[in-house]
S.K.: 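Provided herewith is a single structure, encoded as C-alpha cells, for subsequent inquiry.
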Number of protein chains: 2
Amino acid sequence: MGRAIGILIGTGTDTIMNHGFFTIISREEFVERLKVFASLEAETVDLALARDRVLAAGLTASHDWPLLDRSCMDGFAVNARDVFGAGESNPGYLECVASLPIDRLPDITLQPGECARIATGGILPEGADAVVMVEHTQAMEEETVGSTIEIRKSAAPGENVMQRGEDAREGRTALAQGIVMRPQEIGLAAALGFESVELTRRPRVGILSTGDELIEVTGTPRPGQVRDVNSLTLAALVEQAGGVPTRYGIIKDVLPSLSEALERAIDENDLVLLSGGSSIGVRDLTVQAIESMDKAEILAHGVALSPGKPTILGRVGNKPVLGLPGQVTSALVVMHVLILPLVRHLQGDGHAFSETGRAVRKAVLSRNLPSKPGREDYVRIRLETRDGKPDAAHPVLGKSGLLRTIVQAHGLARIPAESEGFYENDLIDVWII
Amino acid sequence: MGRAIGILIGTGTDTIMNHGFFTIISREEFVERLKVFASLEAETVDLALARDRVLAAGLTASHDWPLLDRSCMDGFAVNARDVFGAGESNPGYLECVASLPIDRLPDITLQPGECARIATGGILPEGADAVVMVEHTQAMEEETVGSTIEIRKSAAPGENVMQRGEDAREGRTALAQGIVMRPQEIGLAAALGFESVELTRRPRVGILSTGDELIEVTGTPRPGQVRDVNSLTLAALVEQAGGVPTRYGIIKDVLPSLSEALERAIDENDLVLLSGGSSIGVRDLTVQAIESMDKAEILAHGVALSPGKPTILGRVGNKPVLGLPGQVTSALVVMHVLILPLVRHLQGDGHAFSETGRAVRKAVLSRNLPSKPGREDYVRIRLETRDGKPDAAHPVLGKSGLLRTIVQAHGLARIPAESEGFYENDLIDVWII
C-alpha cells in the first residue's frame with residue numbers, strides 16, 4: 001500500500017489564555033528526524049514522463065553503446081599509420097575506395113593507402129581506426145570512388161571516433177539507482193531502448209488549513225477575516241519539489257474537526273502538512289490532533305530557525321505530519337529549508353538534504369546583517385544585477401505575516417546558528433526561491 | 001489564432017559529397033534575432049495552475065491588504081504611550097479590558113491605562129497602536145477581563161503590527177504584468193481574491209527528428225542504426241522551460257517528407273525544432289525544407305558556439321524554426337543557451353535571456369581550460385563538494401556525440417568568445433543543467 005503525506009494549514013485561533021512552553025531542536029537535528037522516514041515504493045513510468053524523478057532500480061545495458069566504432073565528424077576514415085606526419089606543407093595522398101552508408105555495416109576493408117568517405121555517425125570499416133575531418137582534406141579530382149584525396153592533417157588512432165561501448169557496456173549499470181532523471185539521463189535511457197523505467201513514487205501530500213478567521217479565496221473578507229493563502233502557496237511549493245498535493249480546504253479550529261480531517265488526510269496521503277497558525281493555542285491544538293491519531297508520536301515541538309520556529313513534527317504510523325507556522329513567510333521558509341527536501345527524500349533522492357542541489361547565487365551584501373546566535377536566521381534577499389560585478393544582495397526586512405517581503409525577494413540567505421551575522425560587502429550565498 | 005513552434009531532429013545523411021560553407025553569427029547577435037519574436041497571447045488560467053507562468057496582465061487590488069491593522073504576535077494590544085519606558089526592572093501595569101476575537105472587528109476602544117488580549121492576526125481596537133508580545137508580560141492574578149497585566153517591555157507605535165495596506169493598496173497594481181508566478185506570488189493573488197489570472201500562453205513546440213539511420217526507442221538497432229534519443233531529450237527540456245512539446249517522430253531524410261512534416265508542425269505549433277544532424281548534407285536539407293515553406297526566411301546559418309555551431313534559425317511567417325545540431329550534447333548546449341530562453345521569452349518572461357535567472361554555482365576550476373578565441377566555448381563540468389570550501393569544478397571532456405560526458409556533468413561553464421580560457425584555481429560560474 002502507498003504511504004500518504006498530508007499538510008494542515010491555519011492562521012490563528014480565537015483567544016489564547018495559556019502561554020505554554022515547548023522544546024526546540026536544531027535544524028540539523030530536525031533534518032535527522034526527517035531522514036528516518038523511508039522513501040516510497042517504485043512504480044513503472046513511461047520514459048517520456050520521467051523528468052526530475054528518481055530511478056528506483058538501476059538500468060543495465062543490454063548491449064554496448066555505441067554498438068560499434070562510429071565517426072564523430074564528416075570526413076574520411078583512415079588508418080592512422082597512413083596519415084602519420086601529414087600536414088599543410090606535407091600532405092599525404094590516399095585513394096578513396098568507398099562512400100560509406102550511414103545506416104549499414106560497411107562491407108569493405110581498408111588496405112594500406114586507402115581511405116573512405118564517412119559521415120557523422122557512420123561506422124568505421126575494418127582497417128580504419130581514425131577519421132580526418134573533411135576540412136583538412138582536398139579531392140584532387142572530382143570526388144568519386146577511386147579518386148585521390150589529399151590529407152593535410154595527421155590523426156592519432158581513435159581520433160574523431162566514438163568507441164564501441166563508450167556510453168554503456170553490455171551487462172553493466174548504465175544509470176544507477178537513486179539517479180535523478182534529467183533530460184540527458186532520459187536520453188541515455190532512450191539510447192539503450194528503455195521505453196519505461198522504475199521510479200520511486202511521487203509523494204501525495206495532503207494540505208489542511210485551520211483557523212476560524214479563514215475564508216475561501218473566492219470569498220469577500222469582512223474585517224478580521226483572511227483568505228486562505230497558505231493552501232495554494234504550499235500546494236505550488238509541493239509541486240515544485242515533485243509531490244502531488246491535495247488541498248483539504250479550511251478545517252474548523254476545534255479538536256474533533258481537526259482530528260477527523262487529519263485522519264482522512266493521513267489515510268489518503270504520504271505526508272500531511274497542517275498550516276495551523278503560529279499562535280500558541282493553535283499550536284497546542286495541532287499537537288493534540290496529531291496525538292489523537294493511532295500510533296502517533298510528536299518528534300519535535302519546534303526548530304531553531306527564524307522565521308519558522310513553531311514547526312511541529314509528528315509521525316503517525318510511518319507517515320510524517322508537519323504543523324507549519326501560520327505566518328505565510330515563516331511557512332515558506334520552513335518549506336524551503338525542511339519540507340521540500342523531505343518531499344525529495346521520500347522520492348528517493350539521496351542528495352535531498354544536501355546543499356549541492358540548491359540553486360545558489362553568490363552576491364555581495366549591501367549592509368550589515370546582525371543575527372542572534374543560537375538559531376539559524378533566514379533573511380529574504382533582493383538581488384540587484386550589476387555590470388561586471390557580482391550581484392548586490394539587499395536584505396528585505398519586514399513582518400513575516402506579510403507577503404510583500406517574500407514577493408520582493410529573489411532568495412534567502414542563511415546566517416548560521418553560531419554566527420553573529422554578516423558584514424556589509426561580505427560575499428554570501430543566496431538560495432534562489 | 002495561436003502561434004505554433006516545432007522542432008526537427010535528425011542525426012545524419014547517407015553520403016555527403018559537397019563541403020558547403022555557411023556564415024555564422026555571434027551568440028549575442030543570434031539572441032537579438034530570437035528576441036524579435038513576439039510573446040504569445042494571454043489566456044485565463046486557474047490560480048492553482050499558474051506556477052512558473054508569466055502574468056499577461058497586472059493584478060489590481062480591489063481593497064487594501066491587510067484590510068485593517070493586524071497583530072503579528074500573540075500578546076496585548078496597547079497604546080505605545082502607556083508602555084513608554086517599561087522594562088524588566090521598571091514594568092508598567094495595564095488593565096486587560098477584553099480578549100479580542102480573531103475574526104471580527106473589535107467593539108471596544110482602549111482608554112489610557114487599558115490593554116486587550118490579542119492573537120496573531122487579530123485586529124487592533126481603536127486606541128491601540130502597538131502589540132506587546134505575551135512573553136514580555138505577566139498576569140498579576142488569574143487572567144480574565146478586568147485583571148491587571150504587568151508589561152515588561154516598551155513598544156514603539158506600530159511595533160508588531162501589520163499595517164493596513166502594507167501588502168497591497170486598493171486600486172494599485174499588486175503584481176505587475178510580466179511577473180513570473182512563484183508560490184509567493186500565487187499567495188498574494190489568493191490573498192487578494194483572484195481565483196484565476198491572465199497568463200501568457202505556454203508555447204507549443206513541435207519536435208521533428210530526421211535521419212535515415214534513426215529507429216524508434218522501442219526498436220532494436222542493427223549496426224549503423226541509432227535509437228531516436230533527441231526527441232525525448234528535447235521534449236523533456238521544453239517541458240522544463242514551460243513549453244508544451246509534441247513529438248512528430250522520425251521523418252525520412254528527403255526533402256518532400258521533411259517539407260510535408262515541417263508544414264504540419266508549423267501549422268500546429270508556435271515553435272518548431274528540427275534535430276537534423278550536424279553533417280553538412282542534413283544541414284543543407286534542413287535549410288531547403290525551411291525555405292520551401294510559405295513566407296520563409298533563414299535568419300542565421302550558424303552560431304559561434306562550441307559545441308553547437310551548426311544551428312540554423314529560420315522564420316516561417318511569424319514563427320521561429322530552429323535546426324539543431326544532431327550530436328546530442330551539442331543539441332543540449334544549444335537548448336540551454338538559446339532555445340530554453342526562447343521558450344521563456346515566448347511566454348512573456350522579460351528576463352528570459354538575462355543571466356540572472358540561471359541557477360549558478362561558483363566553483364574552483366581543477367585544471368587549466370584553454371579555449372580558441374572567437375567563439376564561446378561551453379564546457380561540461382562535474383562538481384565535487386568539499387567541506388568548508390567552494391565546490392571543485394572538474395571539466396568533463398569527450399566527444400559531443402556521446403551522452404556519457406553530459407550525464408556525468410552537473411553543469412556548463414561558459415568561456416567567453418574573447419577569452420583564451422581559464423586557469424586552474426580560477427573561481428568560475430557553473431550553470432546547473
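Just so you know, these numbers come straight off a predicted model, no measurement behind them. Excluded from the calculations below are hydrogen atoms, water molecules and symmetry mates; all remaining heavy atoms, backbone and side chain alike, are included. Residue numbers start from 1 in every chain, and the chains themselves are labelled A, B, ... in the order their sequence lines are given, proteins ahead of strands.
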S.K.: Restricting to non-hydrogen atoms, name the atom on B:Gly224 and the atom on A:Ile123 that form the minimum distance, rounded to 0.1 Å.
M.R.: N-CD1, 2.9 Å
S.K.: Only pairs of heavy atoms separated by less than 4.5 Å count here; which of A:Val360, A:Ile186, A:Asp167 has the most with chain B?
M.R.: A:Asp167
S.K.: Does any backbone or side-chain atom of B:Glu239 lie under 4.5 Å from a heavy atom of chain A? Answer side chain, backbone, both or neither.
M.R.: both
S.K.: Work out which heavy atom in A:Arg182 is nearest to a heavy atom in B:Ala409; give both atom names and the distance.
M.R.: NH1-O, 2.8 Å
S.K.: Picking from A:Ile432, A:Thr218, A:Thr385, which has the most non-hydrogen pairs under 4.5 angstrom with chain B?
M.R.: A:Thr218
S.K.: Can you tell me how far apart CD1 (B:Ile102) and CD (A:Glu213) are? Round to the nearest 0.5 Å.
M.R.: 4.0 Å
S.K.: May I ask you to test the A:Ile179-B:Val407 pair for a side-chain heavy-atom distance under 4.5 Å?
M.R.: no
S.K.: Can you see which heavy atom on A:Val217 is nearest to which on B:Phe194, and at what distance?
M.R.: CG1-O, 3.9 Å
S.K.: Restricting to non-hydrogen atoms, name the atom on B:Thr233 and the atom on A:Gly187 that form the minimum distance, rounded to 0.1 Å.
M.R.: OG1-CA, 3.2 Å
S.K.: Before giving the answer on salt bridge (Lys or Arg N to Asp or Glu O under 4.0 Å), spell out for B:Lys399 and A:Glu166 the whole-Å C-alpha distance, their side-chain angles and the decisive distance to 0.1 Å.
M.R.: CA-CA 10 Å; B:Lys399 294 137 195 163; A:Glu166 262 196 270; 3.1 Å; yes
S.K.: Select one option (side chain, backbone, both, neither) describing which atoms of B:Leu237 are under 4.5 Å from chain A's heavy atoms.
M.R.: both
S.K.: Less than 4.5 Å to any heavy atom of chain B: does that hold for the side chain of A:Ile215, its backbone, both, or neither?
M.R.: neither
S.K.: I need the residue from B:Ile406, B:Leu105, B:Leu175 with the largest number of non-hydrogen atom pairs under 4.5 Å to chain A.
M.R.: B:Ile406
S.K.: Just wondering, more than 12 heavy atoms not from B:Asp46 lying within 6.0 Å of its CG?
M.R.: yes
S.K.: Sort A:Pro221 into side chain, backbone, both or neither according to what part of it lies under 4.5 angstrom from a heavy atom of chain B.
M.R.: both
S.K.: With a 4.5 Å heavy-atom cut-off, do B:Pro183 and A:Met335 have their side chains touching?
M.R.: no
S.K.: Nearest 0.5 Å please: distance from the CG atom of A:Leu68 over to the CZ atom of B:Arg222.
M.R.: 12.0 Å
S.K.: What residue, out of A:Asp391, A:Leu383, A:Thr220, A:Val161, has the most heavy-atom pairs lying under 4.5 Å from chain B?
M.R.: A:Val161
S.K.: Tell me whether A:Arg361 contacts the main-chain N or O of B:Arg358 through its side chain, where contact means a donor paired with an acceptor under 3.5 Å.
M.R.: yes
S.K.: Can you tell me if B:His63 has over 12 outside heavy atoms packed within less than 6.0 Å of its NE2?
M.R.: yes
S.K.: Drop me the distance from B:Leu403's CG to A:Leu192's CG, to the nearest 0.5 angstrom.
M.R.: 8.5 Å
S.K.: Of the non-hydrogen atoms in A:Ala48 and B:Leu232, which two are nearest, and what is the gap between them?
M.R.: CB-CD2, 3.5 Å
S.K.: Pick from B:Met162, B:Gln163, B:Arg70: which one makes a side-chain contact (heavy atoms from CB on, under 4.5 Å) with A:Leu402?
M.R.: B:Met162
S.K.: Specify the closest pair of heavy atoms between A:Gln240 and B:Arg51, including all atoms of both residues, with the distance to one decimal.
M.R.: CA-NH1, 3.5 Å
S.K.: I need the residue from B:Ala50, B:Gly219, B:Ala236 with the largest number of non-hydrogen atom pairs under 4.5 Å to chain A.
M.R.: B:Ala236
S.K.: Please report the interatomic distance CG(B:Leu67) to CD(A:Gln225), rounded to the nearest 0.5 Å.
M.R.: 9.5 Å
S.K.: Less than 4.5 Å apart, side chain to side chain, heavy atoms only: is that true for B:Val328 and A:Gln184?
M.R.: no
S.K.: Let's test your reading of the structure: which of A:Pro245, A:Gly401, A:Ala191 forms the most heavy-atom pairs below 4.5 Å with chain B?
M.R.: A:Ala191
